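Only one structure is covered here, and it is reproduced in the block below.
Small disclaimer: the values here were computed from a predicted structure and weren't measured. Scope of the values below: all heavy atoms of this structure, side chains included, with no hydrogens, waters or symmetry mates.
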Amino acid sequence: MLVSVRRRVFAVAAAAVMMAGVAVASNDSAFAGRVDDGPYPGAEWERGDPAAAGFDPAKLAQIAEELKADKSNCLAVVRHGRLVADWYWNDTGPESTQEVFSATKSVSSTLVGIAQAEQKLSIDDAASKYLPSWVGTPSADVTVKDLLSNDSGRHWKDLVTDTGQVFAAPDRTAFAVSQPQDVPPGEVWAYNNTAIQTLDDVLQTATGDAPADYAEKKLFEPLGMQHTDLTRDRAVNTNMFFGMQSTCQDMARFGYLFLRNGHWNDTQVVSEQWVGDATGKPSQDLTTAYGYLWWLNRLGPVASVGSPMTREDSANAPHTQLIPSAPQDMYWAQGLGGQTVQVDPGSDTVVVRLGPPSLTSPPSTSKTARIVTEALVHP
C-alpha cells in the first residue's frame, strides 16, 4: 500500500516539484504551486464520497474507530478540497469548539509570515528591534527566525517547568520577555514555550495590532474560520504558544490554506514563499523535524519536545523521521492531547484530529498518517 502512495507522491512531484532532500525552486522554498486542484469551502465544506476520493471506506472507518478509542472528539478528512469523511464523539459536533494547545503555534507562525509579506517585519530582523529591553543584552542577536525555529537559546530548564511558569504568569508576555539568555542563538534546539510567547510583543509592535485581532482580520475571516479565536491572558496579551479555540472543520481550513500554497480563492492570504519556508524544509540545522513552528517528517536527527538537542546531540542522533512509514513531505501542527492538523501535499489531503487535554494521550500522528498510507488506495 505504501508503494502506491509513493508512486502518487512522485507523480505529483513532476508537477509540484516537491521531493525530499532536493533543493528545488530558485527561491529555495522547496514548494511549488498546487492552487487549482480542488474547490475552496464557502460557509460549509463541499462534501465528497470517500470511495470516489480514493479511500477504502472500511479501512478509513477502522482507523476512525481506533482514534475514537483514544478519546478523540472529532476527525475530519479532506481530499481534493472536499470533506470526504468526518466523525464527532463525546457529545461534540461540527461547531463544537475546543482548545487546540500547541497547534496554536503554527497559527502564530503564519501571522508572522503574513506580517512579513506586508513588509511589517522581516524574520531576519533582530527581535530586539521589537523588544527594546533586549538591546545591549546577550539576547540582542536573537532573530525573529530563531524564535520561530526554537533555537533562540532563551532560558529553558525543562518542558514542565518552562510551561508551568509561563502559564502561571499573570502577564505571560512580560514574563517571557524578561527571561535570560542561556546560550547564543543557533546552538541548541529546545521546545521553548516561553520564547515563543515573546512573538506577542514582536507582532504587536510590528503591525500595531494585538495578534488576536490581526489573526481575525488577516487569517480567520478570509478563511471563514467562524468558530476560531486566539485567547488572551489576564493582562490581555495574546497567547501565542497555546490557547486557540477552534473546531475540526475550521482547523481543516487552516491546513487547506497550506495545502494550497497560501491561496484562498483569489486571495493570497500568506505567501507561497512562506508556506515553503515554514513547512518544506527544516528551519535550522539541528533537527530536521522542525520548520517555523510546524513539525516536519524530513529524514535526519529528530528532536523531541522533552529534550533539548545540542550540536553534539544532533551529530550523534540516528537519522529517522517522526513517522517513518509516511511521506517525507508530510507535516503537522500538533498540540497536547494529540491535537493534529496533518497536511500531505503528495496525496492532496488534510486530516484533523482533536481531543480532550491529556498528558497521557498517545500521539495521533501515527494513526492520522495511516489515513494516507493505508486507507488511501487510489491516487
Side-chain angles (χ1 to χ4, degrees), residues 1-16 18 31-67 72 74-88 94 103 223-225 247-265 275 279-280 294 297 323 325-333 340-354 364-379:
M1 199 68 66
L2 185 57
V3 172
S4 67
V5 172
R6 297 314 298 164
R7 285 175 180 162
R8 278 186 286 104
V9 174
F10 284 114
V12 170
M18 178 79 179
F31 202 96
R34 294 189 54 142
V35 176
D36 299 318
D37 291 28
Y40 291 87
E44 296 183 358
W45 282 94
E46 183 177 329
R47 294 275 175 169
D49 178 76
F55 291 97
D56 175 345
K59 188 65 178 180
L60 194 58
Q62 176 193 331
I63 297 170
E65 281 298 309
E66 293 177 21
L67 286 164
S72 299
C74 62
L75 174 66
V77 181
V78 172
R79 188 160 199 235
H80 301 324
R82 294 173 176 84
L83 183 65
V84 299
D86 56 333
W87 290 265
Y88 304 93
L223 269 59
M225 296 174 67
T247 68
C248 245
Q249 292 193 24
D250 270 12
M251 293 305 288
R253 290 172 184 258
F254 178 58
Y256 192 60
L257 172 71
F258 273 72
L259 190 65
R260 291 291 171 259
N261 266 0
H263 292 266
W264 198 264
N265 291 312
V275 173
T279 67
W294 286 88
N297 206 36
I323 307 296
S325 62
Q328 285 201 50
D329 54 354
M330 184 179 283
Y331 56 92
W332 301 268
T340 300
V341 179
Q342 173 180 291
V343 181
D344 182 43
S347 63
D348 200 35
T349 62
V350 175
V351 178
V352 178
R353 179 270 179 193
L354 301 180
S364 297
T365 47
S366 60
K367 289 176 181 171
T368 57
R370 288 172 52 212
I371 291 173
V372 169
T373 61
E374 297 180 18
L376 185 60
V377 293
H378 297 296

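When all heavy atoms of R253 and W264 are compared, the pair lying nearest together is O-CZ3, 3.5 Å. Contact record, L83 with A76: CD1-CB, 4.0 Å, taken as the closest heavy-atom pair. Considering every non-hydrogen atom in both R353 and S364, the closest pair reads CD-OG, 3.2 Å. Between V78 and A252, the shortest heavy-atom distance links the atoms CG2-CB, 4.1 Å. Counting all heavy atoms, side chain and backbone alike, L60 lies closest to P50 at CD2-CB, 4.1 Å. Across every non-hydrogen atom of M251 and A103, the tightest pair is CE-CB, 4.3 Å.
In this structure, the separation between OH on Y256 and NE2 on H80 is 9.5 Å, given to the nearest 0.5 Å. A distance of 7.0 Å separates OG1 in T368 from CE in M330, rounded to the nearest 0.5 Å.
Y40 has its side chain out of reach of L223: every pair of non-hydrogen atoms, C-beta onward, lies at least 4.5 Å apart. Side-chain contact check for R260 versus D348: some heavy-atom pair is nearer than 4.5 Å. Under the 4.5 Å side-chain criterion, counting only non-hydrogen atoms from C-beta, S72 is not in contact with W87.
Every residue meeting the side chain to side chain donor-acceptor pair (under 3.5 Å) condition with E46, not counting sequence neighbours, appears here in chain and number order: R82. Under the rule for a side chain to side chain contact (heavy atoms under 4.5 Å, CB included), the partners of P57 that lie at least two apart in sequence or sit in another chain are A51. In this view, D86 and R47 satisfy the salt bridge (Lys or Arg N to Asp or Glu O under 4.0 Å) rule, not counting sequence neighbours. For A61, the side chain to side chain contact (heavy atoms under 4.5 Å, CB included) criterion is met by no residue, not counting sequence neighbours. The ring pair (Phe, Tyr, Trp, His ring centres under 6.0 Å) search around F254 returns F258, W294, not counting sequence neighbours.
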- Message: Quick one, I371 with L376, criterion side chain to side chain contact (heavy atoms under 4.5 Å, CB included). Give me CA distance, side-chain angles, the key distance, then yes/no.
- Response: CA-CA 6 Å; I371 291 173; L376 185 60; over 6 Å; no
- Determine, stepwise, if the pair W332 / I323 fulfils side chain to side chain contact (heavy atoms under 4.5 Å, CB included). CA-CA 11 Å; W332 301 268; I323 307 296; 3.8 Å; yes
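Formation of a donor-acceptor pair under 3.5 Å by the D344 side chain with backbone atoms of T349 is not found in this model. Side chain of Q342 to main chain of A369: a donor-acceptor pair is present (N/O by atom type, distance under 3.5 Å, no hydrogens or angles). Although no hydrogens or angles enter the test, the distance criterion places a donor-acceptor pair under 3.5 Å between the side chain of W45 and the main chain of Q249.
Screening residues 49-62 for salt bridge (charged side-chain N to carboxylate O under 4.0 Å, His left out) gives K59-E374 as the qualifying pairs, with residues at least two apart or on separate chains.
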